[in-house]
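For reference, the structure is listed below as structure tokens.
Because the structure is a prediction, the values reported are computed rather than measured.
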Amino acid sequence: MPLFQKSVINKYISGLDKEAVKDAWARYQSHFFNPTIQANIRDAKEEEYQEGFVRDLFVNILGYTLKPQPDYNFVLEKKTETDATKSDGALLHGDRIVGVVELKDTGTAELDKIEKQVFSYKHKHKNCVYIITSNFEKLRFYINDATEYEEFDLFNLTAYRFTVLYVC
């Protein structure tokens, strides 16, 4: 079920730096549309590609900064505020966790199966509103709850759907 109305998405797309999106789209195509890389991703276990996936998509394409770099806004293996459980990644705004990321390998075909896990992490971070799940081939983006989301087929995105992912 779509998370946003098309008019809302188009409003945010119109405010983007077109050259930055064009450059990101070129980097995206070069990596995620490469048949050999796709085959290697499909063959990789979660632990083998987890950090690579974050670096490939979130850092190299979407522009996040991974800890330990200065002014980082993405951390791996982030413990929740209430117990020792950890999400695979977390998005930061300043020093606050605003998003959690849970990754699985492509053997997890149904992303619904990890909703309970990732939302348990979300509820253990006071300021968290964004939730991202991925099996390295599909990615889901949620805001606050599991009733609506945007899903992206990372190996078959159109330029428009990539731009929606970029906005999210």
Side-chain angles (χ1 to χ4, degrees), residues 3-4 8-9 11-34 37-38 40-41 44-105 111 114 117-144 149-152 154-155 157 159 161-168:
L3 186 58
F4 305 109
V8 173
I9 284 290
K11 174 187 170 199
Y12 282 96
I13 288 173
S14 70
L16 292 175
D17 176 337
K18 304 294 185 239
E19 280 303 308
V21 175
K22 182 180 173 185
D23 291 344
W25 172 238
R27 289 189 306 276
Y28 182 87
Q29 288 177 294
S30 174
H31 184 78
F32 284 96
F33 288 179
N34 180 311
I37 290 174
Q38 286 182 1
N40 290 340
I41 290 171
K45 298 294 179 212
E46 176 184 341
E47 301 80 19
E48 291 177 306
Y49 186 51
Q50 179 176 300
E51 189 274 339
F53 179 77
V54 167
R55 193 168 301 282
D56 291 340
L57 181 62
F58 290 93
V59 176
N60 296 339
I61 295 168
L62 299 176
Y64 283 86
T65 303
L66 188 60
K67 187 177 183 178
Q69 295 301 313
D71 302 317
Y72 63 88
N73 56 5
F74 198 111
V75 294
L76 295 170
E77 297 294 324
K78 183 63 179 167
K79 281 187 181 178
T80 63
E81 294 171 4
T82 60
D83 61 25
T85 59
K86 294 187 276 187
S87 61
D88 292 327
L91 307 172
L92 303 163
H93 187 276
D95 61 351
R96 297 177 318 180
I97 304 297
V98 295
V100 290
V101 178
E102 185 59 29
L103 303 172
K104 300 294 181 195
D105 59 38
L111 292 177
I114 59 175
Q117 178 184 3
V118 72
F119 276 89
S120 74
Y121 302 143
K122 180 244 189 250
H123 297 302
K124 295 174 185 176
H125 291 288
K126 181 170 60 170
N127 298 301
C128 185
V129 293
Y130 304 111
I131 302 91
I132 297 169
T133 62
S134 182
N135 66 359
F136 305 146
E137 186 170 354
K138 304 255 195 255
L139 182 142
R140 283 190 184 170
F141 177 77
Y142 305 80
I143 299 177
N144 281 326
Y149 55 83
E150 287 287 333
E151 184 170 283
F152 304 93
L154 299 176
F155 294 168
L157 281 184
R161 286 298 291 163
F162 172 79
T163 306
V164 173
L165 174 63
Y166 193 89
V167 165
C168 290

For residues [X] and [Y], report the shortest heavy-atom separation together with the two atoms involved.
X      : Y      : answer
Phe152 : Leu165 : CE2-N, 3.5 Å
Thr65  : Pro70  : CG2-O, 3.6 Å
Phe162 : Val21  : CE2-O, 3.9 Å

Taking side-chain contact (heavy atoms from CB on, under 4.5 Å) as the test, write out the residues that go with [X], two or more places apart.
X      : value
Glu151 : Leu111, Lys138, Arg140, Tyr149
Lys86  : Glu77, Lys79
Val8   : Gln5, Tyr12

For [X], enumerate each residue passing the ring pair (Phe, Tyr, Trp, His ring centres under 6.0 Å) test, keeping only those at least two apart in sequence or located in another chain.
X      : value
Phe141 : Tyr130
Tyr166 : none
Phe136 : Tyr49, Phe53

Residues two or more places apart in sequence or in another chain: which of them pass side-chain hydrogen bond (donor to acceptor under 3.5 Å, both in side chains) with [X]?
X      : value
Lys104 : Glu102, Gln117
Glu48  : none
Asp83  : Thr80, Thr85, Lys124
Asp105 : none

(message) Enumerate the side chain to side chain donor-acceptor pair (under 3.5 Å) contacts for residues 17-28, please, sequence neighbours excluded, ordered by first and then second residue.
(response) Trp25-Gln29

(message) Per the salt bridge (charged side-chain N to carboxylate O under 4.0 Å, His left out) rule, what does the pair list look like for residues 55-73, sequence neighbours excluded?
(response)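 Passing the test, one end in residues 55-73: Glu51-Arg55.
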
(message) Can you confirm whether Phe58 sits close enough to Ile132 that some side-chain heavy atom of one is under 4.5 Å from a side-chain heavy atom of the other?
(response)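 Side chain of Phe58 against side chain of Ile132, heavy atoms only: contact under 4.5 Å found.
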
(message) Tell me whether the count of non-hydrogen atoms from other residues, nucleotides or ligands lying under 6.0 Å of OH in Tyr72 goes above 12.
(response)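 For Tyr72, atom OH is not crowded (no more than 12 foreign heavy atoms under 6.0 Å).
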
